[in-house]
Amino acid sequence: MALVLTEEQSMLRDSARGLISDKAPVSHLRQLRDSKDATGFSRELWKAFAEMGFTGLLVPEDFGGSALGCVADGSLLAAFAVDEGAKHRPLQTNLQAKRSGNGFKLNGAKAFVVDGHTADLLIVAARSAGSPGERDGLTLFLVDPKANGVAADRTAMVDSHNAARINFDNVEVNADHVLGEVDQGYQLLEGVLNIGRGAVASEMVGLSEEVFGRTVNYLKERKQFGKAIGEFQALQHRAAQLYIEIEITRAAVLKALQTLDANFDSAGAAVAVAKARAGSTATLAVQEGVQMHGGMGMTDQFDIGFFMKRARVCQELFGDANFHADQLARMKSY
Amino acid sequence: MSDLEKFRRETRAWLEANCPPEMRKPMTSDEDTFWGGRDAKFSSEPQRAWFERMRDKGWTVPHWPQEYGGGGLDGEQAKIVRQEMAAIGARAPLVSFGISMLGPALLKYGTEAQKKEHLPKITAGLIRWCQGYSEPNAGSDLASLQTRAETDGDDFIINGQKIWTSYANYADWIFCLVRTDPKAKKHDGISFILFDMASKGVSTKPILLISGRSPFCETFFDNVRVPKSHVVGTVNRGWDVAKYLLQHERAMISGMGERGVGRPLGQVAADSVGHDEQGRLEDPILRGQIAAFEIDEAALAAAAERAVDLAKAGQSHPAFSSAMKYYGTELNKRRYEILMSAGGIDALEWESERSKGGARPRAWLRTKANSIEGGTSEVMLGIVAKRILDLPGA
């Protein structure tokens with residue numbers, strides 16, 4: 001398959017771009033932040049996303065009415081609870097799931113549960129057997145956030161998005177709320193994470209591209225020493241290097257997404273490459289963006305800082321560049 | 001089954017039947033490359049067999065028209081041939097500047113007579129070409145070149161000197177930039193001309209490099225007589241041809257860093273560095289450098305694939321080969337820095353049999369030219385800044 005967008009994909013991109021630039025420019029996030037909005041995002045916007053079909057892109061159409069159908073149509077918000085420590089280490093999962101009666105009891109704590117404070121449903125990775133670091137013994141549970149013993153603590157993050165720390169204190173879960181097989185949840189977890197990694201990598205390519213576009217415009221407009229600062233070779237070469245990094249990362253991310261579509265179970269290496277590259281590229285893009293905007297780049301009034309903060313969060317989400325470099329080395333046995 | 005799937009299946013079967021096992025191993029020395037030419041020698045029977053089978057099928061250059069000895073394949077089919085060759089680690093049957101540089105320029109700017117004369121000899125490996133671009137005082141500022149061609153009836157008389165002419169001492173013919181109008185502005189008085197290196201007045205002198213090898217020459221022209229019909233494109237418009245050819249040259253050089261076959265760098269490093277008790281490379285910092293390198297290498301491979309696909313879709317920027325050239329060459333230098341570090345003192349041996357005559361350190365030193373030849377990294381970044389990003393000035 002050619003590594004370019006199909007006509008259908010280009011149309012989808014254009015409609016997403018139209019909706020977001022109309023309804024959710026940076027000023028929208030700024031307003032949510034400044035008003036200390038209770039939800040932290042716009043439900044109305046989420047509904048608009050759902051109406052465009054964006055929330056159901058990965059869900060086949062014949063699931064209407066089911067929980068999956070409700071996720072797809074935007075009426076049910078699900079949050080994914082994996083991380084426990086400061087860094088993304090899914091194999092280290094240690095939230096305990098002990099058999100109890102007809103089901104399980106969950107004990108432990110999750111961190112970095114994106115929008116976990118408003119979720120209608122939690123998908124929780126837990127250890128039902130074995131020790132941290134082992135693949136066997138992981139199980140995924142569907143948990144009602146209103147169940148006894150669940151306590152979510154909303155945390156506003158550096159990027160003005162929200163993640164929750166959630167405690168599970170003897171939370172009872174029925175056996176029919178197990179997702180997949182007991183003790184065999186690793187493959188499912190890894191597959192879902194890979195989709196998330198591909199999506200976050202895409203977000204970082206978009207973010208890098210936007211920051212880069214704003215920065216190149218600034219290089220053409222801003223005058224010092226009697227000329228546009230973009231005439232200085234010191235900045236031209238750095239801008240060119242950043243452009244090249246972004247284009248190469250774009251190709252790597254496209255490759256990973258196509259591999260996820262075509263060959264889901266063997267997409268691990270391509271996804272690791274894409275997420276690692278996207279993290280490094282976005283980090284470079286926002287740093288160069290702020291530096292080349294000079295003092296203006298440091299002001300809250302200017303939008304560029306929002307991108308820098310978001311890039312930092314996207315780096316950590318589902319594993320940073322170091323995590324994925326290590327993953328790749330393990331896959332290649334060195 | 002779609003036509004393309006059928007083509008892939010047939011290609012795979014044909015390669016399986018025709019590519020000798022020896023030709024599926026990674027290349028380890030200069031002898032593993034077959035360059036063709038009047039004095040061409042095969043270093044082994046499998047190399048000969050592989051070349052001849054591919055030549056007869058038209059697959060030394062699969063995407064050129066059949067009338068010129070190519071395979072007549074379209075872009076999708078040619079991509080499948082590349083992919084299927086890569087999948088079994090098949091070597092290129094013929095490497096030549098005729099294929100990677102002159103051919104594309106001739107196909108775009110050459111007369112029908114010129115195409116018929118030269119392209120079939122390229123695809124059949126009969127003529128080996130070299131490139132007469134750089135001069136002692138025209139490096140990054142290539143358009144300031146001084147080699148002059150003066151009219152004498154239906155001929156040009158060529159005088160001057162070229163430098164860094166790759167393999168000029170082995171080449172049969174040269175494609176050369178010469179100044180045909182010394183009074184015009186520097187880009188406007190240049191012509192692109194072809195002539196036989198056996199012509200009277202042509203001489204070459206190899207240049208000893210830091211690798212101890214001499215892949216480049218000084219090339220001297222002393223009253224060399226060349227028919228005017230050997231000019232490609234219009235007289236004094238040779239810069240257009242030169243730039244077009246450079247795009248292809250840069251794409252070729254950027255591909256020098258692409259491997260995708262052979263053992264992963266991490267395993268090569270483990271040979272000399274060893275593993276810890278958990279099976280990881282004994283040197284954790286080197287392990288991280290290798291992983292970071294392999295991420296960039298895989299990303300570059302995707303970008304190279306995408307560049308071809310964008311060109312097919314009519315969406316590519318003509319200056320993008322400069323971006324790829326910059327990244328590919330810098331990456332290849334990184335590869336060899338890692339290989340040297342991983343090899344430790346073993347990689348320092350220069351003449352021993354054990355080291356195949358210092359193959360690794362010589363290759364390491366050779367890569368340092370990658371970011372200079374075909375336009376320096378700094379020139380590439382300048383081209384990207386001005387032509388793609390449209391930044392002002394100069």
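Side chains included, hydrogens not; waters and symmetry mates left out as well; all remaining heavy atoms used. Chain naming here is simple, since letters A, B, ... match the order of the sequence lines and numbering starts at 1 in each.
- If you measure heavy-atom distances from B:Asp296 to chain A, the contacts under 4.5 Å come from both the backbone and the side chain.
- Under 4.0 Å is where a charged nitrogen must lie from a carboxylate oxygen, and between B:Glu249 and B:Lys325 no such pair does.
- A:Asp326 touches chain B through backbone and side chain together, each having a heavy atom under 4.5 Å away.
- B:Glu373 has no carboxylate O lying under 4.0 Å from a charged side-chain N of B:Arg250, or vice versa, which leaves the two without a salt bridge.
- With a 4.5 Å cut-off on non-hydrogen atoms, A:Gln233 does not touch chain B at all.
- Proximity to chain B (any heavy atom under 4.5 Å) is restricted, for A:Ala228, to the side chain, taken from C-beta onward.
- Remark: the backbone N or O of A:Ala2 is not paired with any side-chain donor or acceptor of B:Lys79 at under 3.5 angstrom.
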*Please step through side-chain hydrogen bond (donor to acceptor under 3.5 Å, both in side chains) for the pair A:Thr249 and A:Arg277, ending with a clear verdict.*
CA-CA 6 Å; A:Thr249 296; A:Arg277 276 285 314 188; 3.0 Å; yes
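- Of the atoms belonging to A:Phe212, it is side-chain heavy atoms, and not backbone ones, that fall under 4.5 Å from chain B.
- Residue A:Met331 does not touch chain B at all, counting heavy-atom pairs closer than 4.5 Å.
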Set out, in order, the CA-CA distance, both residues' side-chain angles and the distance that settles side-chain hydrogen bond (donor to acceptor under 3.5 Å, both in side chains) for A:Asn217 and A:Arg214, then state yes or no. CA-CA 5 Å; A:Asn217 286 341; A:Arg214 289 173 187 232; over 6 Å; no
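- Between chain A and the residues B:Arg287, B:Gln267, B:Arg280, the most heavy-atom pairs under 4.5 angstrom are made by B:Arg287.
- At a 4.5 Å heavy-atom cutoff, the contact between A:Lys255 and chain B is made by side-chain atoms alone.
- Looking at A:Arg250, only its side chain comes within 4.5 Å of chain B, counting heavy atoms on both sides.
- Interface remark: A:Ile248 contributes backbone and side-chain atoms alike to the contact with chain B (heavy atom separation under 4.5 Å).
- Between B:Arg8 and B:Glu76, no side-chain nitrogen of the basic residue sits less than 4.0 Å from a carboxylate oxygen of the acidic one, so the salt-bridge criterion is not met.
- Ranked by heavy-atom pairs shorter than 4.5 Å toward chain A, the options B:Gly279, B:Ala307, B:Ala385 are led by B:Ala385.
- If you measure heavy-atom distances from A:Leu235 to chain B, you find no contacts under 4.5 Å at all.
- Comment: A:Asp83 does not engage A:Arg89 in a salt bridge, judged by the lack of any side-chain N to carboxylate O separation of less than 4.0 angstrom.
- Within 6.0 Å of CD on A:Gln9 lie more than 12 heavy atoms contributed by other residues, nucleotides or ligands.
- When heavy atoms are compared at a cutoff of 4.5 Å, B:Ile290 approaches chain A by way of both its backbone and its side chain.
- Taking 4.5 Å as the limit, some side-chain heavy atom of B:Ile383 sits within range of a side-chain heavy atom of B:Met380.
- Residue contact with chain A, scored on non-hydrogen atoms closer than 4.5 Å, is absent for B:Ala270.
- Salt bridge A:Glu84/A:Arg127: absent, no basic N to carboxylate O contact under 4.0 Å.
- Contact annotation for B:Lys312: neither backbone nor side-chain heavy atoms come within less than 4.5 Å of a heavy atom of chain A.
- Salt bridge status for B:Arg9 with B:Glu5: absent, with no side-chain N to carboxylate O gap under 4.0 Å.
- By number of non-hydrogen pairs under 4.5 angstrom with chain A, the leading residue of B:Ser322, B:Gly288, B:Ala299, B:Ala303 is B:Ala299.
- With a threshold of 4.5 angstrom between heavy atoms, B:Glu282 does not approach chain A through any atom at all.
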